[in-house]
Engineer: 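Okay, here's the structure, questions in a sec.
Numbers restart at 1 for each chain; the letters A, B, ... are given by sequence-line order, proteins then strands.
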There are 2 protein chains.
Amino acid sequence: MALSHAIMTALLEDTMSGYELAKAFDVSLGLFWRASHQQIYQELHKLAAKGWLQQETVPQAGKPNKIVYALTPVGHVALEAWVLGGSRVQEGKDDLFVKLYNLAEHNASHLAAEIEQRREQMMQRLYLYEKIRRRHYADPATLPVRRKGVYLALLAGIRQGEHTLSWCDEALALLATVDQRP
Amino acid sequence: MALSHAIMTALLEDTMSGYELAKAFDVSLGLFWRASHQQIYQELHKLAAKGWLQQETVPQAGKPNKIVYALTPVGHVALEAWVLGGSRVQEGKDDLFVKLYNLAEHNASHLAAEIEQRREQMMQRLYLYEKIRRRHYADPATLPVRRKGVYLALLAGIRQGEHTLSWCDEALALLATVDQRP
DNA sequence: CGAATTTATGCAATTTATTGCATATTTATT
DNA sequence: AATAAATATGCAATAAATTGCATAAATTCG
């Protein structure tokens with residue numbers, strides 16, 4: 001399972017609570033590995049039991065206690081070993097393309113709307129990414145090593161987004177010739 | 001669950017056996033929705049029980065019998081309804097990007113090798129796609145409606161592949177500046 | 001001839017992921 | 001003052017996917 005390794009990766013720099021991890025997964029790492037908070041909490045327990053993470057309860061004035069997790073040396077070694085192992089190909093899962101196989105006059109306008117919506121979402125995401133890029137990764141060559149890796153992941157997200165946008169445009173143009181709305 | 005709808009989509013044109021479906025999923029539709037044969041067989045049973053598919057046992061001279069599935073009118077209606085419903089965002093899951101967050105001198109060469117491997121795979125896939133495109137989708141504007149949808153899905157695969165290739169090149173260039181192999 | 005591969009289908013166990021709920025406290029809103 | 005929202009964690013049930021195995025007949029290769 002790689003969720004565990006994604007969690008440990010997120011803990012490389014900062015110690016975090018489950019709640020904070022869940023939020024972190026919604027932004028940077030979450031692009032490449034999505035997980036719900038229920039999954040994360042369960043995984044954290046397993047990893048702590050294994051000795052790859054250590055827990056520490058932090059009492060907070062005013063807020064509920066939080067349980068903060070940190071990578072142990074053993075966990076660090078396990079993570080390193082995982083990085084050097086083989087990757088599994090990613091699994092594509094996207095409704096929209098399956099739906100496109102069902103294209104017909106009567107659903108063309110609906111599919112066009114879905115594509116337009118996706119285009120909109122991607123625009124917003126790209127805007128965010130570009131902002132991060134300009135702020136933190138303006139000059140990739142001078143970054144410390146680990147940050148270069150993060151930069152490459154960000155770049156993959158950006159390239160992906162650009163591809164999606166241009167595909168959306170092509171798709172909408174073609175769908176416009178099909179659409180039979182009165 | 002959308003696997004069921006992906007299966008029904010695959011059965012829109014041809015009737016197919018589970019085995020044939022599993023192979024079909026390895027090529028065209030499989031890019032957007034991956035499934036093992038175990039999953040497919042199970043799902044076929046469920047769909048047949050629901051009345052969305054009908055089975056027919058075909059005795060074959062020389063080979064084991066096969067059970068061929070066809071979309072029923074009820075199944076067709078259900079599929080149409082699904083197409084008009086909302087799509088759920090795709091979930092990204094890719095080890096490689098998580099690994100990049102762990103980039104360090106001692107693993108840079110390994111990660112570069114993984115990226116090179118992925119580049120190679122993508123090249124082969126793109127080659128296949130372009131062949132299909134030239135053979136069957138040379139002039140998109142003149143295609144019958146449903147085929148236009150399939151074409152758009154294919155195009156997404158092609159654009160995606162192109163993006164991946166160019167990202168691999170950028171990544172390899174940056175990794176070369178990190179790699180400390182003697 | 002025997003071994004491996006391809007065609008064809010399936011069960012069972014386990015791992016992953018999702019859905020829905022439950023709890024408890026503080027801060028901000030109305 | 002009551003309500004909602006954000007912080008913080010978790011259980012339980014179900015659904016989906018993976019892994020490993022099993023069967024069985026035909027074909028192909030050495």
Engineer: Starting at atom NZ of B:Lys66, determine the distance to atom P of C:dT6, rounded to an integer number of angstrom.
Structural biologist: 18 Å
Engineer: Counting N and O atoms only, with roles assigned by atom type, does the side chain of B:His163 sit under 3.5 Å from a partner on the main chain of B:Gln160, one being a donor and the other an acceptor?
Structural biologist: yes
Engineer: What integer distance in Å separates A:Leu3:CG from D:dT18:C1'?
Structural biologist: 16 Å
Engineer: So what does B:His45 touch, heavy atoms closer than 4.0 Å: a base, only the sugar-phosphate, or nothing?
Structural biologist: sugar-phosphate
Engineer: At under 4.0 Å between heavy atoms, what does B:Gln38 touch on the DNA or RNA strands: base, sugar-phosphate, or nothing?
Structural biologist: base
Engineer: Can you tell me how far C1' of D:dA16 sits from CZ of B:Phe25, to the nearest Å?
Structural biologist: 14 Å
Engineer: Would one find a side-chain N or O of A:Ser36 under 4.0 angstrom from OP1 or OP2 of C:dT19?
Structural biologist: no
Engineer: I need the CG-P distance between A:Leu44 and D:dT9, as an integer number of Å.
Structural biologist: 9 Å
Engineer: Could you check how far CD1 of B:Ile67 sits from C1' of C:dG10, rounded to whole Å?
Structural biologist: 9 Å
Engineer: Just how far, in rounded Å, is P of D:dA16 from NE2 of B:His5?
Structural biologist: 11 Å
Engineer: Just checking, any donor-acceptor pair under 3.5 angstrom between side chains of A:Ser87 and B:Lys99?
Structural biologist: yes
Engineer: Whole angstrom is fine here: how far is it from CD in A:Gln39 over to P in D:dT9?
Structural biologist: 17 Å
Engineer: Where is the tightest heavy-atom contact between A:Arg119 and A:Asp169, given as atom of each residue plus distance?
Structural biologist: NE-OD1, 2.7 Å
Engineer: Tell me whether the side-chain N/O atoms of A:Tyr19 come closer than 4.0 Å to OP1 or OP2 in D:dT9.
Structural biologist: no
Engineer: Rounded to whole angstroms, how far apart are CD on A:Gln55 and P on D:dA8?
Structural biologist: 16 Å
Engineer: For B:Glu114, which of B:Asn107, B:Leu96, B:Asp95, B:Leu100 qualifies under side chain to side chain contact (heavy atoms under 4.5 Å, CB included)?
Structural biologist: B:Leu96
Engineer: Between B:Ser17 and B:Gln42, which has a closest nucleotide on DNA chain C that is more 5'?
Structural biologist: B:Ser17
Engineer: Under a 3.5 Å cut-off for both distances, is C:dT30 Watson-Crick or wobble paired, and to whom?
Structural biologist: D:dA1
Engineer: I want to check one thing: is the phosphate of D:dA16, taken as OP1 and OP2, less than 4.0 Å away from some side-chain N or O of A:Lys93?
Structural biologist: no
Engineer: Just how far is it from atom CZ of B:Arg118 to atom CH2 of B:Trp167, taken to the nearest 0.5 Å?
Structural biologist: 7.5 Å
